Amino acid sequence: MIEFKNVSKVYNDNVVALSNINLNIEKGEFVFVVGASGSGKSTFMKSLLKEVDPTSGKIIVNGVDVTQLSRGKIPYYRRKFGVVFQDFRLIPTLNVYENVAFAMRVTECSQKEIRQKVPVVLAMVGLTKKYKAFPSELSGGEQQRVCIARAIVNSPSVLIADEPTGNLDPETALEIMDLLEDINNAGTTVVMATHAKDIVDNMKKRVIAIEKGSIVRDEQRGKYSNEDECC
């Protein structure tokens, strides 16, 4: 489904962000991308969304060579993805229902489709009773649930989650991860960048570790780190 072939990215200041990345992510996988700040995680995620282009190599998604897409086709390509951010990025002047509906309006869905779909996804994320609330009236966990609803309302094949629990307390973070796992179990591929060691270790999903732009570890049912814990 997603394939990186010899992908490298060197920025103008000669900083090597990615170095000869080769990997395959199959449909329906749940993948954690881990690594220290500056390791290349962000460039990896941005390359997948075509926010940056690799210096060399190819990125293939559903048989399409993303690196060759014309500018006009990029918005349509990105519709394959739902994206959840650490800082929520909700529109403060829109209520919960309107924030989620906005994602459908961007893709030119009809009002009938919006009325049918938005209540369904709000129920999925447990926010049916909060549909009239504005972001400022919600807790951090509730705001992230709105973000997830917005990300999945157009039924994307891939959900990209960039540090989605970074601003949440541990209990709320676990609730968000349970929700992401439910979405994955329903068939959506999930690729999540994170520094949350406990979450990665507990969930036992595939772990891709990036260090200085290179993949140093790719393990099924992996852990955040393979280093021995000190007692």
Side-chain angles (χ1 to χ4, degrees), residues 1-86 89 107 151-152 154-164 166 180 183-184 187-196 200 203 205-227:
M1 180 185 193
I2 297 171
E3 184 177 6
F4 278 58
K5 291 184 175 182
N6 304 312
V7 172
S8 295
K9 175 62 179 180
V10 182
Y11 288 105
N12 292 335
D13 52 4
N14 291 323
V15 172
V16 178
L18 296 176
S19 179
N20 199 39
I21 298 292
N22 288 279
L23 64 83
N24 287 279
I25 297 174
E26 301 297 334
K27 179 176 172 56
E29 280 198 273
F30 194 123
V31 180
F32 286 115
V33 181
V34 304
S37 296
S39 62
K41 296 194 313 299
S42 292
T43 299
F44 174 85
M45 303 293 258
K46 289 178 179 179
S47 297
L48 187 55
L49 291 168
K50 200 169 172 62
E51 291 181 2
V52 299
D53 289 321
T55 306
S56 60
K58 292 184 177 182
I59 300 171
I60 313 276
V61 178
N62 289 334
V64 175
D65 185 349
V66 178
T67 54
Q68 298 299 317
L69 283 179
S70 64
R71 184 182 298 272
K73 291 183 179 179
I74 292 173
Y76 299 96
Y77 163 73
R78 289 179 179 157
R79 291 180 186 181
K80 301 176 188 290
F81 298 90
V83 184
V84 179
F85 302 99
Q86 177 179 351
R89 303 191 189 182
T107 59
I152 65 173
N154 288 318
S155 302
S157 56
V158 183
L159 182 64
I160 301 292
D162 188 4
E163 299 285 355
L180 292 179
I183 292 166
N184 174 243
T188 302
T189 304
V190 177
V191 182
M192 174 175 161
T194 186
H195 287 105
V200 175
M203 290 189 68
K205 303 292 186 181
R206 181 179 174 186
V207 176
I208 296 172
I210 299 179
E211 183 177 312
K212 296 180 179 178
S214 298
I215 293 177
V216 295
R217 190 161 43 88
D218 185 351
E219 299 174 341
Q220 299 292 335
R221 297 178 62 81
K223 291 188 175 183
Y224 187 88
S225 172
N226 62 359
E227 296 177 359

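Keep in mind it's a predicted model, so treat the numbers as computed, not measured.
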Ignoring hydrogens and geometry, is there a side-chain-to-backbone donor-acceptor pair from Ser39 to Lys212 under 3.5 Å?
no
Distance col, row Ser214:OG vs Leu18:CG, nearest 0.5 angstrom, shows 8.5 Å
The test is side-chain contact (heavy atoms from CB on, under 4.5 Å); show your working for Lys41 and His195 and say whether it passes.
CA-CA 11 Å; Lys41 296 194 313 299; His195 287 105; 3.5 Å; yes
Identify the two heavy atoms, one from Ile215 and one from Leu23, that lie closest to each other, and give their separation to 0.1 Å.
CD1-CD2, 3.5 Å
Please test Ile2 against Asn24 for side-chain contact (heavy atoms from CB on, under 4.5 Å), starting from the C-alpha separation and ending with a verdict.
CA-CA 6 Å; Ile2 297 171; Asn24 287 279; over 6 Å; no
Quick one: are Leu180 and Leu159 in side-chain contact, heavy atoms under 4.5 Å?
yes
Atom NZ of Lys223 with >12 non-hydrogen neighbours under 6.0 angstrom:
no
Looking at CZ of Arg78 and CG of Leu49, how far apart are the two atoms once the value is rounded to the nearest 0.5 Å?
7.0 Å
Find the distance between CE (Met192) and CG (Asn184) and round it off to the nearest 0.5 Å.
12.0 Å
Non-neighbouring partners of Lys46 that pass side chain to side chain contact (heavy atoms under 4.5 Å, CB included), sequence neighbours left out
Glu51, Val52
Please tabulate, for the side chains in residues 57-72, all donor-acceptor contacts under 3.5 angstrom to protein atoms that are two or more places apart in sequence or on a different chain.
residue: Asp65; atom: OD1; partner: Thr67; partner atom: N; Å: 3.1
residue: Asp65; atom: OD1; partner: Thr67; partner atom: OG1; Å: 2.4

Which residues pass the ring pair (Phe, Tyr, Trp, His ring centres under 6.0 Å) test with Phe81, sequence neighbours left out?
Tyr77
When rounded to the nearest 0.5 angstrom, what distance separates OG in Ser19 from CD1 in Ile210?
11.0 Å
What's the shortest heavy-atom distance between Pro156 and Ala151, and which atoms?
CG-O, 3.3 Å
Quick test of your reading: applying side-chain hydrogen bond (donor to acceptor under 3.5 Å, both in side chains), list the pairs with at least one residue in residues 4-15, sequence neighbours left out, ordered by first then second residue.
Asn6-Asn22, Tyr11-Thr43
Check whether any side-chain heavy atom of Arg217 sits under 4.5 Å from a side-chain heavy atom of Val207, and report yes or no.
yes
Rounded to the nearest 0.5 Å, what's the gap from OG1 on Thr188 to CD1 on Ile183? Could you check?
7.0 Å
What I'd like to find out is whether the side chain of Val200 reaches to under 4.5 Å of the side chain of Thr194, using heavy atoms alone.
yes
Spacing of CD belonging to Gln220 relative to CG belonging to Asp218, to within rounding of 0.5 Å
7.0 Å
Any Ser157 side-chain heavy atom under 4.5 Å of Lys80 side chain
yes
Could you pull out every donor-acceptor pair under 3.5 Å between side chains of residues 26-35 and any protein atom, sequence neighbours left out?
residue: Glu29; atom: OE1; partner: Glu26; partner atom: N; Å: 2.7
residue: Glu29; atom: OE1; partner: Arg206; partner atom: NH1; Å: 2.9
residue: Glu29; atom: OE2; partner: Arg206; partner atom: NH1; Å: 3.3

Would you sort out whether Val84 and Ile160 count as a side-chain contact (heavy atoms from CB on, under 4.5 Å), showing the intermediate values?
CA-CA 6 Å; Val84 179; Ile160 301 292; over 6 Å; no
I need the full list of ring pair (Phe, Tyr, Trp, His ring centres under 6.0 Å) pairs touching residues 42-64, with sequence neighbours left out, sorted by first then second residue.
Phe4-Phe44
